Amino acid sequence: TSSRRPEMTSSHRRAAASVLVALTLTEAWVSNAPARSLVPARRHTNGNGDGAGNHHGVPSAPRGVSALLTGRRRRATLPHAAGSAEGSADDDVELTDLAEVKSVESADQSALAQRLAGGFGPTVWSEFGSLGSSLAERSAAGECDWGDEHGLVNLGQGFPDFSPPDFVRMAAVEALSMDCHQYTRPAGHPPLVKVLAERYSHHLGREILPMEEVAVTVGCSQALYVTMQCLVRAGDEVVLLEPFFDLYVGQIRMAGGTPRYVPLKATPGEKKGWALDVAALEEAMGPRTRVLVLNSPHNPTGKVFSEEEMAAVAAVVARYPQVTVVSDEVYKYTVHGGGEYEEGEAGAQASQQVVATTEMAAKMFDKLDVNKDGVLTKEEFTEATGEVVGVIGSPGEGVDHGAAAAGLAAGGIAPPRHVHFASLPGMFDRTLTLSSAGKTFSVTGWQVGWIVGPKHLVRDIHVALPFLQFCASTPIQQAMTGVLSKADQPYGGEPTYYDWLCAQYRRKAALLSKALKGAGLPVLASEGGYFLTVDVSGVAVPQKYLDETSDAISTVTHDWAFCRWLAIEHGILSIPVAPFYSADRRASGDCGSYVRFAFCKTDETLQKAAERLNKLGDVLRGVNVPAESAESVEMKKAVAEEAAVV
């Protein structure tokens with residue numbers, strides 16, 4: 001950091017850029033990194049920032065690495081917490097904009113940097129992760145005034161803040177006591193792939209060969225990565241439905257492909273919430289299309305694509321024989337209906353009927369022996385209940401049967417069910433189905449994912465996996481073998497663990513949805529996964545937040561500004577949806593103003609959020625607005641100063 005540092009050479013810059021890429025793509029989560037190592041959210045933009053296309057939840061690069069990237073430096077003194085000693089000479093550091101890497105001549109960039117098209121700078125995850133860490137630290141120090149004793153309520157990051165079930169943890173203990181501590185088969189631990197083959201034979205209605213049509217990966221992120229590497233050639237196009245999980249874009253570019261985007265239609269106030277535009281999908285497809293990515297249940301919207309929508313997609317795919325469908329199904333066991341099936345006068349008592357009606361549903365399934373034929377048809381349901389309803393999946397298929405029965409008791413229709421795209425006529429040979437254990441069993445740190453598909457597509461994945469890592473963790477794969485078997489057994493008063501999980505998320509979604517609506521925020525229907533999207537276009541965000549700039553997004557959007565305002569002034573962390581759209585869509589203003597809230601949290605966390613949202617509703621309605629305290633003003637000033645430094 002001294003003026004005697006030698007000038008950077010081209011080789012220095014290439015090496016530094018490579019180091020930064022490695023740091024940026026690491027699997028570290030911002031929530032596990034020290035708050036002081038995270039770069040606060042507000043920055044001066046270079047005009048090229050793009051929050052899409054990078055791995056999520058990544059801490060920003062350490063200052064030493066950042067400083068190597070360019071010769072340009074700025075001196076600044078980091079602010080100190082109230083009551084601390086004045087900064088020493090060691091605190092006077094030279095800081096560098098990470099995004100200046102983008103100004104390096106393309107000849108000096110690493111190959112990966114060129115593939116990512118400069119998309120390895122700050123992201124929405126690093127921005128809001130660092131903001132959350134900074135606010136949490138200040139709240140713990142008593143520097144935040146949110147009107148209660150609670151700290152920051154984090155509804156931003158999409159992973160549970162509670163422990164997995166006991167039977168899951170015990171399976172890990174049992175696996176560690178077994179003799180399975182060495183390398184196993186690179187394509188998957190044999191006991192696990194056999195269990196997966198049995199399950200997907202049932203799901204897809206055909207025999208799945210365990211050693212030829214299943215592959216086990218280090219989480220679904222690696223499953224996506226290896227799939228793109230095996231399918232996509234330089235110049236190929238990959239079609240994504242917007243909004244999309246931002247990881248997709250970076251992985252497509254790393255494989256040499258070009259993303260093409262098809263926006264879902266948002267329909268606030270209507271039952272479905274988001275709709276597939278089949279005509280737009282057809283228009284995006286062409287001779288260069290190599291892959292279509294489907295994600296159902298969908299992140300971030302919570303949409304569950306219906307059987308009719310899936311059939312329409314299949315009809316489009318059938319016209320392009322070179323296209324392979326990558327079906328990302330990590331949320332397949334969380335099709336819950338989002339609490340929307342308790343609406344109406346007749347449905348007001350539905351939540352009180354869930355336990356009793358779930359028992360009725362279980363008996364009905366036993367009566368009709370649906371475990372053998374896989375699906376409860378309209379005719380079979382009518383025969384058993386006298387009610388005419390839509391198709392309901394069998395137990396273990398990711399359907400909340402308690403919600404189904406409660407909906408029927410309320411005179412409604414059962415929630416949607418998960419549709420495996422590969423189960424549609426003619427689509428198995430055209431599809432790679434991806435999933436994982438993390439979302440289903442609240443073990444996102446276990447990192448066990450899998451790929452199921454025809455052997456002519458899975459073969460290349462088997463070949464590629466040892467080049468990425470020799471194998472996924474052997475004891476964790478062994479543990480998953482037992483977990484998947486036990487999950488089909490009764491749990492928590494429900495027919496299976498999967499039914500219990502759906503019932504829990506249905507209840508949590510309803511709780512958060514009620515609080516958001518009570519604050520005057522329109523909630524789009526969420527049918528699966530564990531996110532709710534809210535339309536905040538009608539909220540008047542203070543102008544100072546709209547005037548901010550950030551290297552993580554080319555232009556600060558209304559939803560981005562809302563999320564910063566909500567976190568700093570109201571103590572609730574959420575995620576803007578704009579970064580889940582392409583840069584062109586954002587620039588055109590066609591991405592709306594939506595915010596994602598995660599409800600995969602404890603009831604205590606959601607209750608705290610509800611209390612804060614109740615106060616927010618008063619603010620939005622202009623009633624009971626307290627005068628801003630001196631402590632609140634000082635805290636906001638400190639956050640702004642810290643962000644300006646970086």
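All residue numbers in this chain count up from 1 along the given sequence. The model shown is predicted, which means the values in this text are computed figures rather than measured ones.
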Listed partners of [X] passing side-chain contact (heavy atoms from CB on, under 4.5 Å), at least two apart:
X    : answer
T289 : E237, V239, M285, Q322, V323
A561 : V541, Y545, L546, V556
D277 : K265, A279, A280
T602 : D161, F162, E604, T605

I want to check something: taking the side chain as every heavy atom from C-beta on, are [X] and [Y] in contact at a cut-off of under 4.5 Å?
X    : Y    : result
F245 : V293 : no
L566 : V595 : no
Y261 : Y581 : no
V124 : P576 : yes
V304 : H418 : no
P243 : R596 : no
V326 : V238 : no
P300 : I575 : no

Using only atom types and a distance under 3.5 Å, with no angle test, would you say the side chain of [X] pairs donor to acceptor with the backbone of [Y]?
X    : Y    : result
S442 : P164 : no
S588 : R585 : yes
S133 : G129 : yes
S130 : S126 : yes

Please assess F531 against S526 for the test side chain to side chain contact (heavy atoms under 4.5 Å, CB included), listing each intermediate value before the final yes or no.
-> CA-CA 7 Å; F531 303 112; S526 170; 5.8 Å; no
So which heavy atom on [X] is nearest to which on [Y], and how close?
X    : Y    : result
A598 : G158 : CB-CA, 4.5 Å
C502 : H336 : O-CB, 3.5 Å
V278 : A312 : CG2-CB, 3.8 Å
L606 : K601 : CD1-O, 4.0 Å
A609 : I572 : O-CD1, 4.1 Å
L281 : V262 : N-CG1, 3.8 Å

Who passes side chain to side chain donor-acceptor pair (under 3.5 Å) against H570, sequence neighbours left out?
-> none
Would you please name every residue forming a side chain to side chain donor-acceptor pair (under 3.5 Å) with S574, sequence neighbours left out?
-> none
Describe, in one word, how the ring planes of Y333 and Y498 are oriented to each other, choosing from parallel (under 30°), tilted (30 to 60°) and perpendicular (over 60°).
-> parallel
Verdict with reasoning, N295 to F244, per side chain to side chain contact (heavy atoms under 4.5 Å, CB included) | CA-CA 8 Å; N295 177 209; F244 49 81; over 6 Å; no
Of all residues at least two apart in sequence or in a different chain, which pass the ring-ring contact (aromatic ring centres under 6.0 Å, His included) check with [X]?
X    : result
F562 : W565
Y331 : Y530
F421 : none

Under the side chain to side chain donor-acceptor pair (under 3.5 Å) criterion, do D535 and S537 qualify, and how do the steps go?
-> CA-CA 6 Å; D535 184 355; S537 59; 2.7 Å; yes
Excluding sequence neighbours, so at least two apart, what forms salt bridge (charged side-chain N to carboxylate O under 4.0 Å, His left out) with [X]?
X    : result
R612 : D148
K508 : D603
E282 : R319

Between [atom1] on residue [X] and [atom2] on residue [Y], distance to nearest 0.5 Å:
X    : Y    : atom1 : atom2 : result
T440 : E329 : OG1   : CD    : 11.0 Å
T533 : K303 : OG1   : NZ    : 11.5 Å
Y505 : L511 : OH    : CG    : 14.0 Å
C144 : I568 : SG    : CD1   : 9.5 Å
L501 : F441 : CG    : CZ    : 8.5 Å
Y594 : L532 : OH    : CG    : 14.5 Å

Derivation and outcome, side chain to side chain contact (heavy atoms under 4.5 Å, CB included), residues E309 and S296 | CA-CA 11 Å; E309 288 174 316; S296 181; over 6 Å; no
Pair T557-D559, side-chain donor/acceptor within less than 3.5 Å | yes
Could you walk me through whether L241 and F305 pass side chain to side chain contact (heavy atoms under 4.5 Å, CB included), step by step?
-> CA-CA 12 Å; L241 302 180; F305 290 88; 3.7 Å; yes
Cation over ring, K439 on F159, under 6.0 Å and within 45°?
-> no
Scan N299, L224, L294 and name whichever one has a side-chain contact (heavy atoms from CB on, under 4.5 Å) with D328.
-> L224
